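Below is one structure; the comments refer to it alone.
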Amino acid sequence: MEVERDQTVSSPTVPIVDLSNLDKELVARAVVKASQEWGVFQVVNHEIPKELISLKKVGTHFFELSSEAEKEAVATPANSKDIQGYVTNSQQDVEDKVDRVDHLFHNLSPPSSIDYRYWPKNPPEYRSVNEEYARQAKKLAEKILGWLSEGLGLDREALFNQGFGGGKKAVYTMKINYYPPCRPQANLVLGMQPHTDIHGLTILVPNEIPGLQVFKDDQWFDVEYNPSIINILIGDPIWRMSNGKYKNVLHRTTLNTEKTRMSWVVLLKPPYDMVIEPLMKHTGDGDEAPKFKPITYGEHVERKVRDKLQKRS
């Protein structure tokens, strides 16, 4: 998709959903509507303690205080297909349209997917903070998936179980993004190029430096920052599972000229051998034709990575 780079609207128009509302049907409708119209929304009163969100920023220590040796100790091995570990792209030329961001990936769940070699040892509380945050983020993700399932006329557990493999197979990954300051050589420098998420559901907490933008109605919208808010983004698998009813939001990240931007992201994705396909067959409604052919999540990832590499060449 070709998009204009300078059509940006600074307005708090991304939907905000208050999860503390006692009318849970109203909350569910708000989540469904936002997912249908935007593919992104913000949640408040999400029951994840503010102090935990603040403590979770122990990842800042890894990027800003750790030695290069400490970073390399958890780096993704050369030629490895494993996505876990530390990866740096921040030194790329700003004109080459390559994402200018350093990442730290490591799996949070299921236990069989966790490899603590990729978890920083410094600061010492890094592991305990992330494990507790993972428990809270999983509860939030499964609650949202329940509302999205019901919005499709499915049982509350349908998306989580049939789309992601349930509690023993669904993969949760922590991704910490580090966007260093960059003085632009063009009218806009991007930390992340426009993309839709390869993962099913994204739970994102940024620091106070703005930069996240979403695309809707042929223009870019700034996503407003609030320390009490958690951002939820719909990705490709849920778009496919919903037969296109829920949007996989196109988004990007801009860089600040003077300050470092960071974000802490929990990604929910199916196992690689899971078939992702429209789930209407489970509603009993045979009149709606599927818009997408069945594909394993692994095949989807391979196609998306291949397409990205082709665009760079």
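Computed over heavy atoms, backbone and side chain alike; hydrogens, waters and symmetry mates excluded. These numbers were taken from a predicted model, which means no experiment stands behind them.
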Item checked: Reference residue Leu159; test side chain to side chain contact (heavy atoms under 4.5 Å, CB included); the match among Glu142, Glu150, Met241 -> Met241
Check: So, for Trp264 and Tyr133, is the gap between ring centers shorter than 6.0 Å?
Finding: no
Margin query: Does atom CD (Glu64) have a neighbourhood of more than 12 heavy atoms from anything else shown, all under 6.0 Å?
Written below: yes
Item checked: Option from Ile176, Asp102, Thr76 for which side chain to side chain contact (heavy atoms under 4.5 Å, CB included) with Tyr86 holds -> Asp102
Checklist line | His46 side-chain N/O to Ser228 backbone N/O, donor-acceptor pair under 3.5 Å | finding: yes
Next item on the list: Would you name the heavy atoms of Met274 and Gln162 that are closest together and state the gap between them?
Entry: CE-O, 3.0 Å
Check: Do Met262 and Asn207 have side-chain heavy atoms sitting under 4.5 Å apart?
Finding: yes
Margin query: For the aromatic rings, using the six-membered ring if either is Trp, is the centroid distance between Trp220 and Phe215 under 6.0 Å?
Written below: yes
Notebook entry, point to check: Is Ile209 linked to Val223 within one hydrophobic cluster, defined over Ile, Leu, Val, Met, Phe, Trp and Tyr using a side-chain heavy-atom separation of less than 4.5 Å?
Noted result: no
Notebook entry, point to check: Taking side chain as C-beta onward, heavy atoms only, is Asp115 less than 4.5 Å from His106?
Noted result: no
Margin query: Please evaluate residues Ile48 and Gln136 with respect to the criterion side-chain contact (heavy atoms from CB on, under 4.5 Å), reporting the C-alpha separation (whole Å), side-chain torsions for both, the decisive distance (0.1 Å), and the verdict.
Written below: CA-CA 6 Å; Ile48 298 180; Gln136 299 289 343; 3.8 Å; yes
Next item on the list: Check whether Val171 and Ile232 end up in the same hydrophobic cluster, where Ile, Leu, Val, Met, Phe, Trp and Tyr are linked by side-chain heavy atoms less than 4.5 Å apart.
Entry: no
Next item on the list: Kindly determine whether Arg306 and Glu302 satisfy salt bridge (Lys or Arg N to Asp or Glu O under 4.0 Å), including the steps that lead there.
Entry: CA-CA 6 Å; Arg306 185 171 62 246; Glu302 288 178 4; 5.3 Å; no
Item checked: Nearest-0.5 Å distance that lies between atom CG in Leu255 and atom OG1 in Thr253 -> 8.0 Å
Next item on the list: Given side-chain contact (heavy atoms from CB on, under 4.5 Å), test Glu47 with Lys139 step by step and report yes or no.
Entry: CA-CA 10 Å; Glu47 298 185 348; Lys139 286 165 48 178; 5.5 Å; no
Item checked: Donor-acceptor pair, side chain of Asn248 and main chain of Thr196, under 3.5 angstrom -> no
Next item on the list: Would you please test Lys175 and His199 for side-chain contact (heavy atoms from CB on, under 4.5 Å) and show each step?
Entry: CA-CA 12 Å; Lys175 178 185 179 186; His199 318 284; 5.7 Å; no
Next item on the list: Give the minimum heavy-atom separation between Val32 and Gly151, together with the two atoms involved.
Entry: CG2-CA, 3.8 Å
Notebook entry, point to check: Cluster question for you: counting only ILVMFWY and a side-chain heavy-atom cut-off of under 4.5 Å, with indirect links fine, are Leu19 and Ile230 together?
Noted result: yes
Item checked: In one Ile/Leu/Val/Met/Phe/Trp/Tyr side-chain cluster, 4.5 Å: Phe292, Ile198 -> no
Margin query: Angle between ring planes, His195 versus His251, binned at 30° and 60°: parallel, tilted or perpendicular?
Written below: tilted
Next item on the list: Please answer whether the main-chain N or O of Glu224 pairs with a side-chain N or O of Asp222 as donor and acceptor at a distance below 3.5 Å.
Entry: no
Item checked: Spacing of CD belonging to Glu68 relative to CD belonging to Glu72, to within rounding of 0.5 Å -> 6.5 Å
Next item on the list: For Tyr118 and Pro77, work out which heavy atoms get closest and say how close.
Entry: OH-CD, 3.6 Å
Next item on the list: With side-chain contact (heavy atoms from CB on, under 4.5 Å) as the test, would you mind laying out the steps for Phe164 and Ile238 before giving the verdict?
Entry: CA-CA 10 Å; Phe164 290 89; Ile238 290 180; 3.9 Å; yes
Check: Got a second to check how far Glu37's CD is from Lys216's NZ, nearest 0.5 Å?
Finding: 6.0 Å
Check: So, the side chain of Lys247 versus the backbone of Trp38: is there a donor-acceptor pair under 3.5 Å, distance only?
Finding: no
Note to self: Let me confirm one number: the CD-OG distance from Gln84 to Ser113, rounded to the nearest 0.5 Å.
What the structure shows: 6.5 Å
Notebook entry, point to check: So with a 6.0 Å cut-off around NZ of Lys169, is the heavy-atom count from everything else above 12?
Noted result: no
Item checked: Side-chain donor or acceptor of Tyr246 paired with backbone N/O of Leu148 under 3.5 Å -> yes
Next item on the list: Verify the cluster assignment for Trp239 and Leu250: are they in a single hydrophobic cluster under the rule of side-chain heavy atoms below 4.5 Å apart?
Entry: no
Note to self: Rounded at 0.5 Å granularity, tell me how far CG in Leu140 sits from CG in Leu201.
What the structure shows: 8.0 Å
Note to self: What verdict does the side-chain hydrogen bond (donor to acceptor under 3.5 Å, both in side chains) test give for Ser128 and Glu125, after you've listed the backbone C-alpha separation in whole Å, the side-chain angles of each residue and the deciding distance to 0.1 Å?
What the structure shows: CA-CA 5 Å; Ser128 62; Glu125 66 271 23; over 6 Å; no
Check: Is a donor on one side and an acceptor on the other found under 3.5 Å between the side chain of Asn243 and the backbone of Lys291?
Finding: yes
Next item on the list: Find out whether Asn231 and Ile229 are in side-chain contact, i.e. whether some heavy atom of one side chain is under 4.5 Å from a heavy atom of the other.
Entry: yes
Check: Which atom names give the shortest non-hydrogen contact between Tyr179 and Ser263, and what distance separates them?
Finding: CE1-OG, 4.2 Å
Next item on the list: Determine the minimum heavy-atom distance between Ser149 and Asp155, stating which atoms define it.
Entry: CB-O, 3.2 Å
Check: Of the non-hydrogen atoms in Pro181 and Thr260, which two are nearest, and what is the gap between them?
Finding: CD-OG1, 3.3 Å
Check: Quick one: does Ile276's side chain get under 4.5 Å of Ile295's, heavy atoms only?
Finding: yes
Note to self: Measuring from atom CG of Leu279 to atom CZ of Arg240, what distance do you get when rounded to the nearest 0.5 angstrom?
What the structure shows: 12.5 Å
Next item on the list: Inspect the surroundings of NZ in Lys121 and state if more than 12 heavy atoms from other residues, nucleotides or ligands are less than 6.0 Å away.
Entry: yes
Next item on the list: For the residue pair Tyr126 and Trp119, categorise the inter-ring angle as parallel (less than 30°), tilted (30 to 60°) or perpendicular (more than 60°).
Entry: perpendicular
Note to self: Within a 6.0 Å radius of atom NZ on Lys24, are there more than 12 heavy atoms belonging to other residues, nucleotides or ligands?
What the structure shows: yes
Check: With a cut-off of under 6.0 Å to the ring centre and 45° to the axis, is Lys138 in cation-pi contact with Tyr172?
Finding: yes
